[in-house]
There are 2 protein chains.
Amino acid sequence: MKLAPARTLCPDCRLVDLCLPYGLHIDEVKQLARIVKNKRLLPPEEYLYLQGDECRSLYAVKSGSFRCFISNADGTEQTLGFYFPGELMGLDSLQHGRSTCSTVALETGMVCEVPLSRLNELCTEIPGLQIQMMRILGKEIASDHDQIVLLGHSTAKKRMATFLLMLSRRYGALGFSNTAFNLSMRRVHIANFLGLTIETVSRQLAELGKQGIITIKQRDVQINDLDLLKAIVEHCSAQQLYAGQPLS
Amino acid sequence: MKLAPARTLCPDCRLVDLCLPYGLHIDEVKQLARIVKNKRLLPPEEYLYLQGDECRSLYAVKSGSFRCFISNADGTEQTLGFYFPGELMGLDSLQHGRSTCSTVALETGMVCEVPLSRLNELCTEIPGLQIQMMRILGKEIASDHDQIVLLGHSTAKKRMATFLLMLSRRYGALGFSNTAFNLSMRRVHIANFLGLTIETVSRQLAELGKQGIITIKQRDVQINDLDLLKAIVEHCSAQQLYAGQPLS
DNA sequence: GAATGAAATTGATCCAGATCAAGAATACCG
DNA sequence: CGGTATTCTTGATCTGGATCAATTTCATTC
């Protein structure tokens with residue numbers, strides 16, 4: 001998922017309208033580009049930052065995808081989310097200047113580092129940038145809320161369907177197909193994100209496959225019936241949807 | 001939980017160091033106080049705003065407590081969190097100017113309304129205020145992450161213990177006792193917040209009572225052994241802690 | 001292309017917490 | 001104060017997803 005060549009600056013970046021500069025005037029974008037430093041290329045499995053690290057920057061995803069997670073005292077992990085191009089990582093460190101989670105590259109990826117001190121200064125000069133920061137933070141909060149609802153109230157099937165639809169929407173927004181994509185994360189990370197075990201993830205994917213709603217081969221996903229997937233999310237269980245008609 | 005008389009302005013409010021003005025100079029606090037409007041008194045069960053409402057303000061809790069929740073299509077609710085004095089409600093509406101959740105008073109409470117347009121203006125004039133906003137937003141994100149971890153990975157007992165400790169910490173921070181307090185929410189809201197049923201909440205509380213860790217009578221909670229409660233959260237199940245020694 | 005190891009699938013069993021079903025305690029109100 | 005409606009507790013049973021246990025599939029390396 002490489003969207004832009006490495007040295008592109010914000011004004012020429014394809015992600016300009018999906019990222020921090022959204023809504024800014026061209027000269028404001030140039031100002032912002034001036035404070036962005038250290039574009040960094042990360043190979044798969046490399047950590048961007050670790051839980052507890054001092055963290056005085058935000059990181060925008062330029063290409064690739066990332067996984068953010070919390071390590072518990074008992075050695076287990078909880079995946080908090082996945083990040084795709086145009087999204088801002090490290091927002092939780094705004095609280096104390098220290099990250100409360102770790103972030104790792106799922107595939108080769110590039111990030112743009114935005115030092116917080118410079119960003120704060122620029123926010124006072126460019127009101128639109130401050131508004132956009134608030135929008136991004138509000139969005140992060142709203143999406144965390146969605147995750148809380150998902151983990152608090154849903155069956156395994158609904159969690160799986162919600163996950164696939166979330167990927168579909170985000171890939172679509174980036175200009176990729178919203179019905180055929182490649183999972184950049186392993187089953188264990190999906191399981192971990194959805195509060196399930198890998199066995200359950202595997203079984204749910206298999207069942208969606210048997211019902212013809214998706215076709216899945218390892219990491220390759222093809223969504224055959226987006227509406228049915230949405231129906232699973234809106235109602236509760238897929239069985240109900242099929243009541244009275246034979247499957248497969 | 002009435003901390004301050006109704007008409008107190010920010011500079012004289014007891015919550016000044018727990019709320020939005022934290023870290024500001026006295027004249028900056030006065031500037032902030034000038035944009036705060038419509039202190040509103042809400043009786044129990046009254047809604048501050050509804051899911052989907054246009055929402056161009058943030059609301060600081062001055063007294064009382066509030067519950068924030070999302071209503072699902074199937075009629076179920078997910079409680080996202082509880083708000084106590086000094087905390088800021090409505091942060092998710094920063095995304096689109098529309099609230100993604102409903103907020104309701106649990107008991108008689110007072111809120112201070114902070115119009116977003118004025119707040120944004122003031123943030124460009126007072127760098128400390130902008131920093132504080134970022135801190136508050138980062139804190140909200142980090143606490144949502146904690147909730148995701150709790151819902152994704154914990155037994156009923158651990159959820160219950162975590163909940164009690166969270167209340168203990170927050171009441172303590174407000175200057176109240178951190179070992180004896182009154183629950184302002186019903187069992188159903190606790191259940192709903194923790195992704196459990198009321199029956200499970202009731203049973204877990206009863207068991208903590210039998211073990212002598214807490215004493216609970218309806219809404220009155222007395223924590224007898226804070227360390228043991230912490231141990232339940234850090235380890236996994238209380239049974240392990242008691243291995244080998246008779247209970248009660 | 002065979003050998004090794006990691007990741008994913010599939011099957012069998014188990015259990016924590018949900019659900020169902022009474023009761024008990026408390027609050028509300030005329 | 002008694003009657004009614006909520007809210008909470010407690011007990012009995014059930015079940016979705018976890019756990020345990022093989023396989024199978026895929027990726028990597030020589």
Side-chain angles (χ1 to χ4, degrees), chain A residues 43-45 67 74 76-79 106-107 150-163 182-211 214-221 232 236-240, chain B residues 43-45 67 74 76-79 106-108 150-163 182-211 214-221 232 235-240:
Chain A
E45 310 282 299
R67 178 175 78 96
D74 58 5
T76 61
E77 280 181 6
Q78 171 74 44
T79 296
L106 289 169
E107 56 197 317
L150 193 70
L151 293 176
H153 258 93
S154 321
T155 60
K157 168 138 295 176
K158 185 168 175 175
R159 292 180 200 208
M160 202 63 244
T162 304
F163 178 71
N182 189 274
L183 300 173
S184 55
M185 66 293 289
R186 298 199 195 130
R187 296 289 189 271
V188 63
H189 300 141
I190 299 174
N192 201 289
F193 176 62
L194 296 176
L196 302 169
T197 58
I198 47 170
E199 292 95 329
T200 299
V201 165
S202 189
R203 275 184 256 265
Q204 292 303 329
L205 286 173
E207 204 183 314
L208 287 171
K210 270 186 210 130
Q211 296 178 336
I214 64 170
T215 305
I216 182 151
K217 179 105 197 295
Q218 286 290 114
R219 305 270 192 110
D220 287 312
V221 177
I232 292 173
C236 201
S237 80
Q239 284 82 332
Q240 295 168 359
Chain B
E45 309 283 299
R67 178 175 78 96
D74 59 5
T76 61
E77 281 181 5
Q78 171 74 43
T79 296
L106 289 169
E107 56 195 317
T108 301
L150 193 69
L151 293 176
H153 258 92
S154 322
T155 60
K157 168 139 292 176
K158 186 167 173 175
R159 292 180 199 207
M160 202 65 243
T162 304
F163 178 70
N182 188 273
L183 300 173
S184 55
M185 65 294 287
R186 299 201 192 128
R187 298 287 189 272
V188 64
H189 301 141
I190 299 173
N192 203 290
F193 176 63
L194 297 176
L196 301 170
T197 58
I198 48 169
E199 293 95 329
T200 300
V201 166
S202 189
R203 275 185 256 265
Q204 292 303 328
L205 286 173
E207 203 183 316
L208 287 171
K210 270 187 210 127
Q211 296 178 337
I214 64 169
T215 305
I216 182 151
K217 179 105 195 298
Q218 286 292 114
R219 306 270 191 108
D220 287 312
V221 178
I232 293 173
H235 303 69
C236 203
S237 80
Q239 284 83 331
Q240 294 169 358

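Numbers restart at 1 for each chain; the letters A, B, ... are given by sequence-line order, proteins then strands. Side chains are part of it too, since the values below use all heavy atoms of this structure and drop only hydrogens, waters and symmetry mates.
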Can you tell me how far P of dT10(C) sits from CZ of Arg187(A), to the nearest Å? 10 Å
Residues Arg186(A), Glu45(A): salt bridge by 4.0 Å N-O rule: yes
How large an angle, rounded to 10°, do the end axes of the helix from dG1(C)-dC30(D) to dG30(C)-dC1(D) enclose when each is built from five base pairs? 50°
With sequence neighbours left out, the residues meeting side chain to side chain donor-acceptor pair (under 3.5 Å) with Thr215(B) are Asn224(B)
Would you tabulate the nitrogen or oxygen pairs shorter than 3.5 Å linking the protein to nucleotides 16-19 of chain C?
{"from": "dG17(C)", "atom 1": "OP1", "to": "Ala156(B)", "atom 2": "N", "distance (Å)": "2.6"}
{"from": "dA18(C)", "atom 1": "OP2", "to": "Thr197(B)", "atom 2": "OG1", "distance (Å)": "3.0"}
{"from": "dA18(C)", "atom 1": "OP2", "to": "Thr200(B)", "atom 2": "OG1", "distance (Å)": "2.4"}
{"from": "dT19(C)", "atom 1": "O4", "to": "Arg203(B)", "atom 2": "NH2", "distance (Å)": "3.0"}

Heavy-atom closest pair, residues Ile232(A) and Lys157(A): CG2-CG, 3.6 Å
All salt bridge (charged side-chain N to carboxylate O under 4.0 Å, His left out) counterparts of Arg159(A), not counting sequence neighbours: none
Starting from C1' on dT9(C), measure out to CZ on Arg186(A) and report it in whole angstrom. 16 Å
May I ask you to say whether Glu77(A) pairs ionically with Arg67(A), meaning some side-chain N is under 4.0 Å from a carboxylate O? yes
Pairs under 3.5 angstrom, nitrogen or oxygen only, protein versus nucleotides 25-30 of chain C, please.
{"from": "dT26(C)", "atom 1": "OP1", "to": "Lys217(B)", "atom 2": "NZ", "distance (Å)": "3.4"}

What's the separation between atom CG in Leu194(A) and atom CE in Met160(A), rounded to the nearest 0.5 Å? 6.0 Å
The reported gap from CE in Met185(B) to OG1 in Thr79(B) (rounded to nearest 0.5 angstrom) is 9.0 Å
For Leu196(A) and Ala156(A), the nearest pair of non-hydrogen atoms, with its separation, is CD2-CB, 4.0 Å
Atom CD1 in Ile190(B), atom CZ in Phe163(B): separation rounded to 0.5 Å? 4.5 Å
Minimal non-hydrogen separation, Gly195(B) against Leu151(B), with atom names: N-CD2, 3.9 Å
On DNA chain D, reading 5' to 3', which nucleotide is the first and which the last to sit with an atom under 4.0 Å from a heavy atom of chain B, could you check? dT7(D) to dA12(D)
Please list, one pair per line, the donor and acceptor atoms closer than 3.5 Å that link side chains of residues 197-205 of chain A to other protein atoms, with sequence neighbours excluded.
{"from": "Thr197(A)", "atom 1": "OG1", "to": "Thr200(A)", "atom 2": "N", "distance (Å)": "3.3"}
{"from": "Thr197(A)", "atom 1": "OG1", "to": "Thr200(A)", "atom 2": "OG1", "distance (Å)": "3.1"}

If you measure from CG on Leu106(A) to NE2 on His189(A), what distance do you get to the nearest 0.5 Å? 7.0 Å
Side chain to side chain contact (heavy atoms under 4.5 Å, CB included) against Asn182(B), all qualifying residues, sequence neighbours excluded: Arg219(B), Asp220(B)
